[in-house]
> 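Right, I'll just put the structure down here and ask away after.
Because the structure is predicted, anything quoted here is derived from the model rather than measured.
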Amino acid sequence: MKEQTISQRQLLVDFVVDRSSFATQTLLVLGGSLLLTASAKVAIPIGPVPMTFQTLAVLLLGVMLGRKLGTLAVLTYLVQGLCGLPVFTATFTGATAGYLFGMLPAVWIAGFAAERGKDRNFWTVLPFLAIAHQTIFVFGVLWLSVVLGSWEQGFTFGYLPFFGFDIAKFVAASAIVAAMWNGQR
């Protein structure tokens, strides 16, 4: 059997739908933006940055849809918010804007891993999802540091309260994805 190229490699979404048509791709992108909206609405206010499930959703979108469709889903979500739709818990002009922008490179990293088959196993996907998740926090903490006026405050309020939950989310995403692949075998 001939080895599949990266662009031909199967993603998790391929077990549910044929993503080759424009209509299906459009529905996947819109569905991904709806998933992000729903994940933002589950929020625990703990300071200037609420705790949500958005980062978990971003990781899952990347590995399930790949770089292109995952990034388009996040971009669609961000554009919806910019247009005034009530999709965010955060805002582009407030303390949380950096986290929103950080979702774009994060979904791309997760999709990159999936397109190379790294999502088939917990241990091979975990480092990619850890890096993707931390990318969101790098953008978020840098922006929050500017808003609050110091790196220490940005880190104290924008990263430390989330540390344990942060790890749990990328570990959970890795476990979910690996379990889904194991279910397909």
Side-chain angles (χ1 to χ4, degrees), residues 1-42 52-82 85 87-88 99-140 162 165-185:
M1 180 189 290
K2 189 176 177 182
E3 177 90 16
Q4 287 181 319
T5 65
I6 290 171
S7 62
Q8 297 170 327
R9 191 163 283 144
Q10 200 166 34
L11 299 172
L12 280 167
V13 71
D14 296 323
F15 291 105
V16 181
V17 297
D18 175 6
R19 65 183 154 105
S20 63
S21 77
F22 179 76
T24 302
Q25 290 176 8
T26 302
L27 289 174
L28 288 169
V29 166
L30 291 174
S33 72
L34 289 174
L35 175 67
L36 275 174
T37 299
S39 69
K41 300 305 179 186
V42 180
T52 71
F53 284 92
Q54 282 177 295
T55 55
L56 176 65
V58 166
L59 298 178
L60 292 174
L61 285 173
V63 292
M64 291 180 172
L65 300 179
R67 287 180 295 179
K68 177 185 167 191
L69 294 179
T71 300
L72 285 172
V74 172
L75 192 57
T76 299
Y77 169 75
L78 295 175
V79 169
Q80 290 167 338
L82 278 171
L85 294 175
V87 296
F88 298 150
Y99 299 92
L100 294 172
F101 287 113
M103 290 179 191
L104 287 168
V107 74
W108 192 93
I109 293 166
F112 176 87
E115 290 171 4
R116 277 148 182 79
K118 303 298 182 186
D119 62 335
R120 277 39 169 205
N121 176 287
F122 175 84
W123 295 109
T124 57
V125 76
L126 181 68
F128 286 95
L129 296 188
I131 291 167
H133 201 268
Q134 295 311 301
T135 300
I136 296 170
F137 278 90
V138 168
F139 278 75
F162 305 98
F165 195 57
D166 174 34
I167 293 170
K169 284 195 273 186
F170 65 75
V171 168
S174 300
I176 289 166
V177 170
M180 291 173 83
W181 274 109
N182 285 334
Q184 298 305 320
R185 292 182 183 147

> Check whether any side-chain heavy atom of Val74 sits under 4.5 Å from a side-chain heavy atom of Leu36, and report yes or no.
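Heavy-atom side-chain distance check passes, below 4.5 Å.
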> As an exercise, state the distance from CD1 of Ile136 to CG of Leu104, rounded to the nearest 0.5 Å.
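Reported value, rounded in 0.5 Å steps: 9.5 Å.
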> Could you tell me whether the side chain of Gln25 and the main chain of Arg19 form a donor-acceptor pair under 3.5 Å?
yes
> Quick one: are the ring centres of Trp181 and Phe122 less than 6.0 Å apart?
no
> With a 3.5 Å distance limit and no angle check, can you tell me whether Glu115 reaches the backbone of Arg67 through a side-chain donor-acceptor pair?
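Yes, the answer is positive, given that a donor and an acceptor are paired below the 3.5 Å cut-off.
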> For Ser33 and Ala73, which heavy atoms make the closest approach, and how far apart are they?
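Nearest heavy atoms, Ser33 then Ala73: CB-O, 3.7 Å.
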> Hey, does Leu78 have a side-chain heavy atom less than 4.5 Å from the side chain of Leu100?
yes
> I need the minimum non-hydrogen distance between Leu129 and Ser174, along with the two atoms involved.
CD1-OG, 3.5 Å
> Mind checking the CG-CD spacing from Leu34 to Gln80? Nearest 0.5 Å is all I need.
7.0 Å
> Can you tell me how far the OG1 atom of Thr71 sits from the CE atom of Met103, to the nearest 0.5 Å?
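So the OG1 of Thr71 and the CE of Met103 are separated by 13.0 Å.
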> Could you state the interatomic distance from CG (Leu28) to CG (Leu61), rounded to the nearest 0.5 Å?
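If we round to the nearest 0.5 Å, Leu28:CG and Leu61:CG are 10.0 Å apart.
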> Can you give me the closest heavy-atom contact between Met64 and Leu11, atom names plus distance?
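Result for this residue pair: O-CB, 3.7 Å.
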> So do the side chains of Lys169 and Phe162 get within less than 4.5 Å of each other, counting heavy atoms only?
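Heavy-atom side-chain distance check fails, nothing below 4.5 Å.
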> Roughly how far, to the nearest 0.5 Å, is CG of Leu56 from CG of Asp166?
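Rounded to the nearest 0.5 Å, the CG-CG separation comes out at 11.0 Å.
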> Quick check: does any side chain N or O of Thr52 sit under 3.5 Å from a backbone N or O of Ala40, one acting as donor and the other as acceptor?
no
> Could you give the distance from CG (Asp14) to CG (Leu65), rounded to the nearest 0.5 Å?
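That separation rounds to 10.0 Å.
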> Within a strict 4.5 Å, meaning less than it, do heavy atoms of the Val79 and Thr76 side chains meet?
no
> Which heavy atom of Leu60 sits nearest to which heavy atom of Ile176, and what is that distance?
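Minimum heavy-atom contact is CD2-CG2, 4.2 Å.
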> Hey, does Phe15 have a side-chain heavy atom less than 4.5 Å from the side chain of Gln10?
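SC-SC contact between Gln10 and Phe15 confirmed.
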> Between Ala132 and Leu59, which heavy-atom pair has the shortest distance, and what is it?
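Result for this residue pair: CB-CD2, 3.6 Å.
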> Which atoms form the tightest heavy-atom contact between Val63 and Ala114, and what is the distance?
O-CB, 3.4 Å
> Any idea how Phe112 and Trp108 line up, ring-wise: parallel (<30°), tilted (30 to 60°), or perpendicular (>60°)?
parallel
